[in-house]
Amino acid sequence: MSADKQVLVVDAPNGALSFVMEELNDLGFRVIWVPTLPSALDFIEARPSLSLIVASAAATKVGGLEFLARVRDFAPDVRIIWGVRDGSAEPPLAQSNAPDSLLPEPFRRDELRAAISDLLAEHFYPPAIAAAVKSAALEVLGVVSGFEVEGGAFLVANQTALSDLSAVIPFTGDVSGHLMVGLTMDDARALYAAFLPGAQPARIDRMEDLVGELCNQILGRINAFFTERSVSIQHATPIFIRAAGSTLRYPGRQPSFAVTLKRGEARVSLEYYLAHFDRAKLQAPVTTRVLRLGEIRYL
Amino acid sequence: MVRSQLRTGLEAKGARVVEAENGSEGLWRARENAVDLVVSDIHMPVMDGIRMVEELRKLPEYATTPIFILTSDAAAQRADEGKKAGANAWILKPVKAELLWKAIEKALFGRASSASVGTIGVASPAPSGSK
């Protein structure tokens, strides 16, 4: 799906953006590097379907304003992340052709991910899916009050470092993929105590049960979003993984969509991965009734 | 609601709770115990909850026993499958304990004059290897 999404990285030779290129490549973009703004313009004029430009301050000291104006003329839909160092790149801020995101250099991985997710998430997931994942997690974890989404939602490369306790539930049907929920052991204990106040300290299998059940319930709420649009989906039972520090790699090039929820010091990590879906179906109107949270339907 | 949470809540109300980790075990436990009400998930290994309800309804002693499906599956169509199998209620998780308890009381006290809570069978998946 993302093989045709191209990102142009403008950076001086031996510049600092090599990790940016790796990051973008991991997210499934085809990454093209050019060393100067003139060479970037040549490329853009040949391929105006570009998705994103990431430009480093080292390569944009001269001619930045003119470059931005020409890009906006020629490829108005392309998104631009512009690196800034102290005292540089102030002029574009006030212009109508300003970059979409100004990031201080050296780029920080989390800030870059946030900017890319903000600008390009819709290339991978319709925004409604991001909203559905976040609201599902908040609805389910809201049973114990005080949870909030930490730092929005991010696209992450198709591999992830596992927590102490992780549960993965695959799903199939008109859409396929998986949801993974992960917690550290300490956070699982804290959460177990919140769900079962006054209970004995939890055994490991009971904490796994909790992580699996959270995964099951959150996926159930996300699936309700699809069901409302008559998208058929079936989910399996949880697979449990205790392999902190190990890496789980996903097949395919589609990034997953990560959300972290926090309650005090405790954090619950979610990764939602869609291997395949029909974008048109997701934009269809709501036609099918689903049960409300906590609803009891007598049969 | 995790199974341990459900068990703790029901025992606090005076119920005796019989647990099972999948539909097949639930069927076996139901045969071994006189269960007054069944609460079951549907997404379970070995035998899912819908099939377990179908099998339970074939047993004369469970022809009228209240059976609740407690699930994260919100599709109204799936609830219809539960009805066809013989379930009495489809409850969407997470559900507040008090709301669930009221439904259990309504089901139990509607079919028996006794104020005792009785035995409740709970079928819900668990991590492999745990009991």
Side-chain angles (χ1 to χ4, degrees), chain A residues 136 139-144 165 167 169 171 191-192 195-200 202-228 230 232-242 288-299, chain B residues 1-9 12 21-22 41-46 48-49 53 66-100 102-104 106-107 110 124-131:
Chain A
E139 272 186 305
V140 170
L141 290 166
V143 172
V144 290
L165 293 176
I169 303 182
F171 51 89
L191 203 56
Y192 192 91
F195 272 92
L196 279 136
Q200 295 287 320
R203 298 190 324 237
I204 181 77
D205 58 294
R206 293 298 191 190
M207 288 191 285
E208 274 192 332
D209 191 15
L210 172 68
V211 179
E213 189 56 32
L214 288 175
C215 193
N216 175 50
Q217 291 184 16
I218 292 168
L219 186 56
R221 295 313 300 160
I222 299 169
N223 289 351
F225 165 84
F226 291 105
T227 303
E228 281 182 323
S230 300
S232 168
I233 190 164
Q234 298 88 40
H235 78 248
T237 51
I239 299 161
F240 296 94
I241 308 171
R242 295 180 206 165
T288 306
R289 190 179 110 67
V290 297
L291 277 67
R292 298 186 315 275
L293 203 66
E295 180 177 346
I296 297 179
R297 182 174 174 186
Y298 291 98
L299 306 171
Chain B
M1 182 176 285
V2 294
R3 204 174 63 207
S4 49
Q5 191 182 12
L6 191 54
R7 175 178 200 131
T8 303
E21 292 181 1
N22 59 62
D41 205 332
I42 54 170
H43 297 294
M44 294 186 289
V46 187
D48 72 22
V53 174
I67 302 178
F68 290 0
I69 299 289
L70 184 59
T71 178
S72 61
D73 198 327
Q77 188 185 347
R78 288 287 279 161
D80 292 341
E81 287 174 32
K83 181 181 182 180
K84 194 175 167 190
N88 301 95
W90 191 272
I91 303 170
L92 201 60
K93 294 191 283 188
V95 62
K96 287 186 177 159
E98 281 310 309
L99 199 61
L100 177 63
K102 276 183 186 170
I104 289 172
K106 186 179 166 185
S124 174
S128 57
S130 64
K131 286 285 169 191

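So that the names make sense, note that chain A is the first sequence line, chain B the second, and so on, each numbered from 1. Just the heavy atoms: all of them, side chains too, but no hydrogens, waters or symmetry mates, feed the values below.
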Inset, instruction - Report yes if the side chains of Arg297(A) and Ile69(B) come closer than 4.5 Å at any heavy-atom pair, otherwise no. - result: no
Inset, instruction - Work out which heavy atom in Ile296(A) is nearest to a heavy atom in Ala89(B); give both atom names and the distance. - result: CG2-CB, 4.3 Å
Legend entry - With Glu228(A) via side-chain hydrogen bond (donor to acceptor under 3.5 Å, both in side chains) - residues at least two apart: none
Inset, instruction - Step through the shown structure and confirm whether more than 12 heavy atoms of other residues, nucleotides or ligands are within 6.0 Å of CD on Gln77(B). - result: no
Inset, instruction - Could you tell me whether a side-chain N or O of Ser72(B) sits under 3.5 Å from a main-chain N or O of Asn216(A), the two making a donor and an acceptor? - result: yes
Inset, instruction - Could you have a look at Thr227(A), Thr288(A), Thr237(A) and say which one has the most heavy-atom pairs with chain B under 4.5 angstrom? - result: Thr237(A)
Inset, instruction - Select, from Asp48(B), Leu99(B), Asp41(B), the one with the greatest count of heavy-atom pairs under 4.5 Å involving chain A. - result: Leu99(B)
Legend entry - Among Gly220(A), Gly142(A), Ala224(A), Gly212(A), residue most engaged with chain B (heavy-atom pairs, under 4.5 Å): Gly220(A)
Legend entry - Closest contact, heavy atoms only, Arg221(A) versus Leu92(B): NH1-CD2, 3.1 Å
Legend entry - Interatomic spacing from CG in Leu214(A) to NZ in Lys93(B) - rounded to 0.5 Å: 10.0 Å
Legend entry - chain B contact via Asn223(A) - which portion, at a heavy-atom distance below 4.5 Å: neither
Inset, instruction - Counting only heavy atoms closer than 4.5 Å, note whether Asp73(B) contacts chain A via side chain, backbone, both or neither. - result: neither
Inset, instruction - Please check if atom CZ in Arg289(A) has more than 12 non-hydrogen atoms from other residues, nucleotides or ligands closer than 6.0 Å. - result: yes
